[in-house]
> 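Below is one structure. I have some questions about it.
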Amino acid sequence: MTNKFYVTCAIPYVNARPHIGHALEFVQGDAIARYQKLRGRQVLFLSGGDENALKNVQAAQDAQTPVQQFVDRNSGLFRTLAENLDVQFDVFQKGSDREKHYPASQKLWQLCAGSGDIYEKEYEGLYCVGCEAFYTPDELDENGECFEHPGKKLDTVREKNYFFRLSRYRETLTDIIRGTHSGYGRLRIIPEKRENEILAFLARGLTDISISRSNERAKNWGVPVPGDPTQRIYVWFDALNIYQSGAGFGWNDSLYRKWWPADIHVIGKGILRFHAVYWPAFLLSAKLPLPKSIFVHEYFTVNGQKMSKTLGNVIDPNQIISKFGSEAVRYYLLAKFSPFADGDFSEPEFTKTYNSDLANGLGNLVSRVAALAQRLKITPDDGKRTLLLKSFGDQYQFNLALETIWKVIKECDVRINERRIWTLSGGEKSAALDDIIRDIRNISYNLTPFLPRTAGIITDQFKGSDIPKRDPLFPRIG
RNA sequence: GCCAGCGUAGCUCAGUGGUAGAGCAGCGUCUUCAUAAGGCGUGGGCCGCAGGUUCGAUCCCUGCCGCUGGCACCA
């Protein structure tokens, strides 16, 4: 078995600021990356910025900022969020990077073209000049006009585009996702309900998709189509390829061969089709290896309502982090939600969780044991560890993994009470504490993927024979 | 409209063809080593509604109501 593990987070659109949903995905990806490191694998963890979309150009115009400057600034916001959460990307690949990403996308295009899967076709659609976008009839109101610009007739526009022969890959993709293909390994979609959704989608048949835009429509922004300076590569064909371009594709073959294919793509449910159908189809066409799995998380509501700009309830994760600390945010996001169901983010619930689990649970246990251990000789850390999370790597159910760890915390509290350790003295007391401290060392070890900073502090505090008393890890709030 | 899933204690959720479970919140109590923390105990549920199958259904089937997701070029 290979010992490398390549994990990606989705490449966020950088036309707006990051919200709490981005924080969730970053933290999930980071926990997976750190877990695989804990298991001894060499890990590459990537995200990036989807910077070539037309929406970025429009948002930049609204902000009266040059496009490159705009996407650089907004990409920076996502990187800052990652840093604030202790999410350590090894690579943050920008889509506007002309040195690595542009040639990588053009290479993918040429490989697909070489397989005969790219062809020219007249595209005809209803174009709204106000939005500078095409619409399908069902996206319009009863007057056949777009919702943003009522009263404005849409134009029927014809344009030459390049199309990708997606239809050709329906059966192959179905077999690969089912795990019944003879030549390719299974592309696993987690959880199963999302796999079923994709299989149902494939069963209905596929039509070819447009993968380029005219310079005019693309506002001269994006990766030029190889051999046709009048067209730009459509953002989806281009953005997915960041997973490869960030790992050497098109500019460093040995690096690419070391890491590709991705072991897991962490994504939100809204972009599943692009990852489970389009992306593997592009790779099949290019005769490149396919990713091994796709982890699909769901979305947050805020106090019971959908997050939206118009409602003004978009949660800025940086504010929550500065109020509660990054470790508390990581804990809340990972422990208190099923990754496979929508969850409601509310600050009162956050505070409750913080106090009961982190302050009263983990933090208090660490404090009380450190106090009990004062002026005693404790058996130093022997480095022996038990991985409590053996089943975690299958489905990545962060909430269940943390529940398992918190059971051990509870058991420690119970043992301290039952044995009334504070009434013991001398060797009896040291022996009883040795037992508890072994568990605490084990807790911190198992906590590493989820709360890396806290795990580090506890490991350091409990490594020697003299255990220092320190300030509370999580001071109570309220 | 069609397809899939969900609807269980105040809150978040687990669960099984045979007297309903956990965590948090509440209440009582024990304890004092600890961040007024910890342990133990306890109250509280027509298991969405209406039928059906069954000796027996929260769990299986049907219908209805409510919510969520999918139904192609929408990050």
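Convention: sequence-line order gives letters A, B, ...; per-chain numbering from 1.
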> If you measure from the P atom in B/U68 to the same atom in B/U8, how many Å do you get, rounded?
15 Å
> Within the stacking criterion (centroid distance below 5.5 Å, interplanar angle below 30°), does A/Phe201 stack on B/A72?
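By the stated criterion, A/Phe201 and B/A72 do not stack.
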> Under 4.0 Å, counting only non-hydrogen atoms across every strand here, what does A/Ile421 touch: a base, just sugar-phosphate, or nothing?
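No contact.
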> Output the rounded distance in Å from CD1 (A/Ile271) to P (B/A75).
10 Å
> Work out how far the C1' atom of B/A20 is from that of B/C73, and round it to whole angstrom.
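Between the two C1' atoms, the distance is 49 Å.
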> In whole Å, I'd like the distance from the CD1 atom of A/Ile409 to the C1' atom of B/A34.
14 Å
> If you assign A/Trp422 and A/Gly361 each to the RNA chain B nucleotide with the nearest heavy atom, which residue ends up on the more 5' nucleotide?
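Upstream on the strand: A/Trp422.
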> Tell me whether the rings of A/His297 and A/Tyr299 are parallel (<30°), tilted (30 to 60°) or perpendicular (>60°).
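Correct class here is perpendicular.
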> Can you tell whether the side chains of A/Lys121 and A/Asp208 come within less than 4.0 Å, N to carboxylate O?
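No salt bridge links A/Lys121 with A/Asp208.
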> Anything under 30° is parallel, anything over 60° is perpendicular, the rest tilted; go ahead and classify A/Tyr169 against A/Phe164.
parallel
> What pairs of nitrogen or oxygen atoms, one from the protein and one from nucleotides 23-30 of chain B, lie under 3.5 Å apart?
none

> Using a cut-off of strictly less than 4.0 Å between a heavy atom of the residue and any atom of RNA chain B, enumerate the qualifying residues of residues 426-444 of chain A by number.
none
> Quick one: do A/Arg217 and A/Glu159 make a salt bridge, cutoff under 4.0 Å?
yes
> For A/Asn364 and A/Ile416, take the nucleotide of RNA chain B holding the closest heavy atom to each; which residue's nucleotide lies nearer the 5' end?
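Checking each residue's closest nucleotide, the 5'-ward one belongs to A/Ile416.
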> Fit a plane to each ring of A/Tyr354 and A/Phe324, take the angle between them on a 0 to 90° scale, and name the class: parallel (under 30°), tilted (30 to 60°) or perpendicular (over 60°).
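A/Tyr354 vs A/Phe324 ring planes: tilted.
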> Pick base, sugar-phosphate or nothing for A/Val277, based on heavy-atom distances below 4.0 Å to the nucleic acid.
nothing
> Side-chain contact, heavy-atom cut-off 4.5 Å: A/Arg79 with A/Phe89?
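A side-chain contact is absent here, since even the closest heavy-atom pair is not under 4.5 Å.
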> Any ion pair linking A/Glu197 and A/Arg194 (charged N to carboxylate O, less than 4.0 Å)?
yes
> Assign the ring pair A/His275 / A/His265 to parallel, tilted or perpendicular, where the plane angle (0 to 90°) is split at 30° and 60°.
perpendicular
